[in-house]
Each structure stands twice: as structure tokens, then as C-alpha cells.
Participant: 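My questions all concern the structure below.
Every number for a ligand or one of its atoms is a count from 1 in the order of the listing. Along the sequence shown, residues carry numbers from 1. Every heavy atom of this structure was used, including side-chain atoms; hydrogens, water molecules and symmetry mates were not.
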Amino acid sequence: MLEASQYYFNQAAKVLDLRPKTIKVLQTPYRVVKVEIVSESRDGDFLHHIGYRVQHDNSRGPMKGGLRYHPKVDEDHAVALASLMTWKTAIVNIPYGGAKGGINCNPEELNDQELDDMTRVFVSHIKEVIGPNLDIPAPDVNTNAKIMGWIMDEYSKYYGFSPGVVTGKPLHLFGSEGRSEATGLGLTFALEFVLKDKKMNFKDITVAMQGFGNVGSNAAKFIHERGGKVVAIGDHKGGVCNREGLDIPAVINWVNEHRTVAGFPGGDPFSSDEVLTWDCDVLIPAALDGVLNEFNARDVKAKIIVEGANGPTTPAADEIFKQRDILVIPDIYANAGGVTVSYFEWAQNIQQFRWELERINNELYKTMSNSYKDIVSTATSKNISLRTAAFVLGIGRVAKATIARSHFKNNKFEEF
Ligand code: NAD
């Protein structure tokens, strides 16, 4: 993950003609926090975990990014993901920097009481460096609205009522309308803009997707509502396909009950891995990183890939897609709907005023549309891929802000 994010950064840095010293300033995280978490276990013993919060850059505003609870969480992973958040918030032009973090743990082994206790100890150890004007965590892999509620409650014990310290909270606890669907809806908007440019319509496309969690299921719902045919879905337990298009509301009901698409009666089963090379127009990887790689990129049949997951495409696969003229809508733009609506949630918390769903979705559309236009015009003027253009745009905006705030004004970023 760290290698891939550095590879994509370096490609953009070349286009921007950044000096090595500027590159160092932009790549080095502002602050890396590593804490020991000793919490209570259900049998009265203690649990021991390590937690991280990496704050990458704050030149454009308070830092923003998710908290992940997973056995693979470590410093390198958090550094890579935190830097991607910095470029992502700049690409969609919301007033934030980037951060990421989490706890190295296996949440499947923890009950709610243990998760609650571990989360609260973590908050008590990082409370001095997070806050509504400093760094605002959000849900990520294996964390959810309930956990965000605990974070708000624990932080508020020290600093008083502070709903703006965290986003992705439950709707009844200062969360926002539209937040849970936002990443899937933003992804659908991104696909709509590309289809429009290609003089195509949702009714013309077949879609295959890997992952049917928050991102995948919501993207499927919005694509289905617009007339697109979702013909294959693969998840961690299996796959289901239907050439006529799956009945997505029925699949959602099935998954709510069975926690997997496997066994859904309105289609045929297949082995989940095959979904990435499915015969379709649009492929949406919405599960894991590194799944599109040098081993399968030549077999991908889709002509458009919309990256719902973070980092699904390795640099080697990215090169193959370029050679094969497969259009990739990159993760740092395509899945930015979630952080955008997190920003709306934070804005509502700070204003102590609620926005209606229609306003949220209109603002999300505007944000996704404006950044799409910015990315396409950068890609066209510099003859580069959408991914490199997105990085150029994000890094350029951060570099400009960094230099404008510093007393070293000898770099020129006027064109970005
Ligand atoms: P989730 O936990 O809700 O869903 C994950 C899905 O991936 C599930 O359907 C699961 O079955 C599937 N999966 C897991 N292992 C798999 C495997 N080996 N093969 C096939 N499928 C597998 O997660 P999510 O929130 O939907 O996030 C998915 C991705 O999108 C992650 O990379 C995450 O970082 C990224 N993302 C999420 C958001 C958000 O708002 N939720 C925002 C931006 C990016």
C-alpha cells in the first residue's frame, strides 16, 4: 500500500516538477502517534493492543480520516492511507487535511463491551491531538456509527459537548442524513459523468462488483435505480450472477439477513474471484486493496473500472490498463463521497443546524461534478491519466497552501 501510494505520488510529482525538498515536505507526516491500549476483557482480565493516529498534513484545514480496527493495521499502512486522505480532501476541495489510524486488533474476537472499553482507552490516549479544529476521525474498515458515538461521548467527558470531534455518528446522535449512502452515491455520480462524456447511459451498461458492504451495496442500489444492470457480485463467501441483471433490493435484503450474497436465489452461483474478470462494461472493486494486479489485469474485460475500495489497483495493473485503453476512475476521487458528506456532518455539528437529505445530496453532486471537471481538464491539458491528474490536482493544491502559509515563497504553483 505504501509502495503504491508513493509510486502514484512520484508520477504526479514528475508532472508538477517538484523539487526533492518540496517532495520531502509533502510526503513526511506531520505527526505519528502510537499508543499502548490496555483495556478490560469480558473475564475480568486485561486486553493489550497498539493504536495509531497518523496526521499527515494540515495546510488546508483540520486533518480528517478513518479509524480502522484490523489485524493488519500498522504504522506504514496508516501513513500511506493518511497521505491519500490529504490528496483526496484537496481533490474534492473541502477544507481539510489528511489523517488515518486505528487499532491493531481482531474485532471478530471482541464483544461490544470489550470494543467499547478499548475504544474509550484509545480516545483517552489521543484526546490531546484530536478535536473539531484539529483532527476529526470517522468510520473505516470494521468501525461504524456506534463506535463513532462512543468516541464522541468519551471525548466530550474531557472537553464538554463536542459532536464535531468525529463524523459518521448515528443519525440520532448528531450524525447526518445521507452519510451512510454517501460513498456509493458519490461513486454513482462519478460513473454518470464518465458515461455522459462517452455519450452513454446507465441503461447501456452491465456492471460487475467485488464487495457488497457499505460501498458496494449502495453503489449497486443507485446504479440499479438509474437502469444499470448489475450482472455479477462477489464477496468474501461467494458470488452470484444473472445475465438479465440482479434484483438489487432483493439482494440487499438477502445480505441483511445472511451477511453474504452467496446463496441468493435470484441468480447462479460462481467462485467469487472470477468477478474481477467478468464479461461486463463496468467493474467496481469495492472490497480490498491490491486485487487488480499483474496476474489478472490482462484478463479484465470491463472497459471502465470505478475504484470503490482504497488502493484496489497495483501500479503494475495500472500500467496494463493504460496500455489496454481501460478507463480507470481512481479511488482518491471515486470514493470521496464519504469524506465529503462527513464534511457536511461536521459543518452541521459546528453550526448546530440540520440539513435535509435533498440539500446534502445536491451539495454532494456539485462537489463530485466540480472535481470531475477539474480532473478531466488537468488530464486533457497535460495528456495524463485520470489517476495522475487527480494526484496532480490534490498535491498541487496542498503544495500551494503549504507554500502560501510558510515564509518560504520561492515555489510557483500558480497554474494549479
Ligand atoms: P464493508 O466492510 O462494509 O464491506 C466489505 C465488503 O468486501 C463485504 O461485502 C465483504 O464480503 C467483501 N470482502 C471482504 N473480503 C473479500 C474477499 N476476500 N473477496 C471478495 N470480497 C470480500 O466495507 P466498506 O465500507 O464497503 O469498504 C470497502 C472498501 O471501500 C474499503 O477499501 C474501504 O477502505 C473503502 N472505502 C469505504 C468508504 C466508506 O464510506 N465506507 C469510503 C471510502 C473508501
Participant: How long is the gap from CD on Glu177 to CZ on Arg354, to the nearest 0.5 Å?
Facilitator: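 CZ of Arg354 is found 6.5 Å from CD of Glu177.
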
Participant: Below 4.0 Å, non-hydrogen atoms only: which portion of Leu288 touches ligand 1? Side chain, backbone, both or neither.
Facilitator: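 The answer is the side chain.
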
Participant: Got the closest protein heavy atom to atom 31 (C) of ligand 1, with its distance?
Facilitator: Ala287 O, 3.5 Å

Participant: Once you restrict to heavy atoms under 4.0 Å, what part of Gln210 touches ligand 1? Side chain, backbone, both or neither.
Facilitator: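 Near ligand 1, Gln210 shows its side chain, while the N, CA, C and O stay back.
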
Participant: What is the nearest protein non-hydrogen atom to atom 27 (O) of ligand 1, stated with its residue, atom name and distance?
Facilitator: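 Heavy-atom neighbour on the protein nearest atom 27 (O) of ligand 1: Val215 CG2, 3.9 Å.
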
Participant: In terms of relative ring orientation, are Tyr96 and Tyr343 parallel, tilted or perpendicular, with 30° and 60° separating the classes?
Facilitator: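 Rings of Tyr96 and Tyr343: perpendicular, as their planes differ by over 60°.
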
Participant: Is it true that the side chains of Lys64 and Thr167 contain a donor and an acceptor less than 3.5 Å apart?
Facilitator: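 Present: a donor and an acceptor within the cut-off.
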
Participant: When the ring centroid of Tyr7 is compared with that of Phe391, is the distance short of 6.0 Å?
Facilitator: no

Participant: May I ask whether atom 7 (O) of ligand 1 is less than 4.0 Å from at least one protein heavy atom?
Facilitator: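 Yes, because at least one protein heavy atom sits under 4.0 Å from atom 7 (O) of ligand 1.
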
Participant: Measure the distance from atom 4 (O) of ligand 1 to every protein heavy atom, then report the residue, atom name and distance (to 0.1 Å) of the closest one.
Facilitator: Gly213 CA, 3.2 Å

Participant: Does only the side chain of Thr183 get under 4.0 Å from ligand 1, or the backbone, or both, or neither? Count heavy atoms.
Facilitator: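 Within the 4.0 Å criterion, Thr183 contacts ligand 1 through side-chain atoms alone.
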
Participant: For Arg68, counting its heavy atoms only, list the atoms of ligand 1 lying under 4.0 Å from any of them.
Facilitator: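 Checking each atom against Arg68, I get 34 (O).
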
Participant: Measure centre to centre between the rings of Phe174 and Phe161, then say whether the value is under 6.0 Å.
Facilitator: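 Between Phe161 and Phe174, which both carry aromatic rings, the centre distance is below 6.0 Å.
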
Participant: List, one per line, each side-chain donor-acceptor pair under 3.5 Å for residues 333-341, sequence neighbours excluded.
Facilitator:
{"from": "Tyr333", "atom 1": "OH", "to": "Met368", "atom 2": "O", "distance (Å)": "2.8"}
{"from": "Asn335", "atom 1": "OD1", "to": "Lys88", "atom 2": "NZ", "distance (Å)": "2.6"}
{"from": "Asn335", "atom 1": "ND2", "to": "Gly308", "atom 2": "O", "distance (Å)": "2.9"}
{"from": "Asn335", "atom 1": "ND2", "to": "Ala309", "atom 2": "O", "distance (Å)": "3.4"}
{"from": "Asn335", "atom 1": "ND2", "to": "Asn310", "atom 2": "OD1", "distance (Å)": "3.0"}
{"from": "Thr340", "atom 1": "OG1", "to": "Ala336", "atom 2": "O", "distance (Å)": "2.7"}

Participant: What residue and atom, counting heavy atoms only, is the protein's closest point to atom 9 (O) of ligand 1, and at what distance?
Facilitator: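 Heavy-atom neighbour on the protein nearest atom 9 (O) of ligand 1: Phe212 N, 2.8 Å.
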
Participant: Taking only distance into account, with no hydrogens and no angle test, what donor-acceptor pairs under 3.5 Å do side-chain atoms of residues 226-240 form with protein atoms, sequence neighbours excluded?
Facilitator:
{"from": "Arg226", "atom 1": "NH1", "to": "Phe222", "atom 2": "O", "distance (Å)": "3.1"}
{"from": "Asp235", "atom 1": "OD1", "to": "Lys237", "atom 2": "N", "distance (Å)": "2.9"}
{"from": "Asp235", "atom 1": "OD1", "to": "Gly238", "atom 2": "N", "distance (Å)": "3.2"}
{"from": "Asp235", "atom 1": "OD1", "to": "Thr260", "atom 2": "OG1", "distance (Å)": "3.1"}
{"from": "Asp235", "atom 1": "OD2", "to": "Thr260", "atom 2": "OG1", "distance (Å)": "3.0"}
{"from": "Asp235", "atom 1": "OD2", "to": "Val261", "atom 2": "N", "distance (Å)": "2.8"}

Participant: So, 4.0 Å and heavy atoms of Lys237: is ligand 1 close enough to count as a contact?
Facilitator: no

Participant: So, for atom 2 (O) of ligand 1, does the protein have a heavy atom nearer than 4.0 Å?
Facilitator: no

Participant: What's the shortest distance from atom 34 (O) of ligand 1 to any protein heavy atom, and which residue and atom give it?
Facilitator: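 Residue, atom and distance for the closest contact: Asn310 ND2, 3.0 Å.
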
Participant: So, Arg120 and Asp153, do they make that salt bridge, N to O below 4.0 Å?
Facilitator: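 Answer for the salt bridge query: yes.
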
Participant: Any idea how Phe193 and Tyr372 line up, ring-wise: parallel (<30°), tilted (30 to 60°), or perpendicular (>60°)?
Facilitator: tilted

Participant: Numbering the atoms of ligand 1 from 1, which are under 4.0 Å from a heavy atom of Gly211?
Facilitator: 6 (C), 7 (O), 9 (O), 12 (C)

Participant: Aromatic ring centroids of Trp87 and Tyr8 under 6.0 Å?
Facilitator: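 Not under 6.0 Å, so no.
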
Participant: Check Ala286 against ligand 1 and report side chain, backbone, both or neither, counting heavy atoms closer than 4.0 Å.
Facilitator: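 Under 4.0 Å from ligand 1, Ala286 contributes backbone atoms alone.
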
Participant: Nearest protein heavy-atom contact for atom 23 (O) of ligand 1: which residue, which atom, what distance?
Facilitator: Asn214 N, 4.5 Å

Participant: Among all protein non-hydrogen atoms, which one is nearest to atom 14 (C) of ligand 1, and what is the separation to 0.1 Å?
Facilitator: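 Protein heavy atom with the smallest distance to atom 14 (C) of ligand 1: His236 CB, 3.7 Å.
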
Participant: So which bit of Met85 gets within less than 4.0 Å of ligand 1, heavy atoms only: side chain, backbone, both or neither?
Facilitator: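 It is neither; nothing of Met85 touches ligand 1.
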
Participant: Parallel, tilted or perpendicular: which fits the ring planes of His258 and Trp254, with parallel below 30° and perpendicular above 60°?
Facilitator: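 Parallel: the ring planes of His258 and Trp254 meet at under 30°.
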
